[in-house]
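Just so you know, these numbers come straight off a predicted model, no measurement behind them.
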Amino acid sequence: MSTRTELDDVIRLLAATRELTAAAAGFLALQLFGNLYEQVVTNQTAIATPEIGGLVDELVPGSPLFFYLPWAPLGVVLATSLAVRLPRLGAPSWVVRRVRWACGALCVAVAVKVLLITRVNPHFRDPHAEIGELREWAVRWAIGNGAAILAVGAALILLLSGRARLLDDAATLGAAEAT
């Protein structure tokens, strides 16, 4: 295969996936930074000074639910769409693998958050909970949320580093063609 054909293939792949990758990365960044804010601000307060019934209800102003929905699920859907689309576009197998690994990391993040919301969150709304018990649940939340942060961060790195390598390949192929 000629250098020109390889260069055209890389450019075509980058162009065909640019908007989808940018949208997925943007929504995943919202998810990442929302979780990071929660970890640094909300979780630290819950651990240091837990309050009985202090957690905001899911559907009232101030709830993190409004920050995450629909943005976090959209990021997951768009990353999954990219994973499905890449093989159809003839992407190199290493690119497809990276995006599939990113989707796997996102599955981990979603599973952790579902467990936290369904298993840990209810304890913060228990009017009969004791302060020490709430602190223990807050620590559990912080550990799980930290795992979700790492998983979403890994997904973003995997998603964007493949694109960066393709750009490097295009530059190398372009330089080789120019000589």
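- A 6.0 Å sphere centred on CD of Glu130 holds no more than 12 heavy atoms belonging to other residues, nucleotides or ligands.
- Figure legend: Arg140 and Trp137 shown as a cation-pi pair, the cationic atom lying under 6.0 angstrom from the six-membered ring centre and within 45 degrees of its axis.
- To the nearest 0.5 Å, atom CZ of residue Phe33 and atom CD1 of residue Ile149 are 10.5 Å apart.
- Looking at Leu173 and Arg4, their side chains never come closer than 4.5 Å, going by heavy atoms from C-beta outward.
- Scanning both residues, Leu86 and Val99, for their nearest heavy atoms gives CD1-CG2, 3.4 Å.
- Counting only distance, with no hydrogens or angles, the side chain of Arg135 and the backbone of Ala46 share no donor-acceptor pair below 3.5 Å.
- In this structure, CG in Leu74 is found 10.0 Å from CG in Leu28, a value given to the nearest 0.5 Å.
- Formation of a donor-acceptor pair under 3.5 Å by the Glu38 side chain with backbone atoms of Asn43 is not found in this model.
- With contacts defined as side-chain heavy-atom distances shorter than 4.5 Å, the pair Trp101/Ile157 does not qualify.
- Annotation for Ala79 and Cys103: closest pair O-SG, 3.6 Å, computed over non-hydrogen atoms.
- Counted by atom type alone, Arg98 and Ser161 present one or more donor-acceptor pairs between their side chains at under 3.5 Å.
- With respect to Asp168 and Arg165, no salt bridge is recorded, no charged nitrogen being found less than 4.0 Å from a carboxylate O.
- Exactly one of Arg85, Arg12, Arg163 qualifies for a side chain to side chain donor-acceptor pair (under 3.5 Å) with Thr17. That residue is Arg163.
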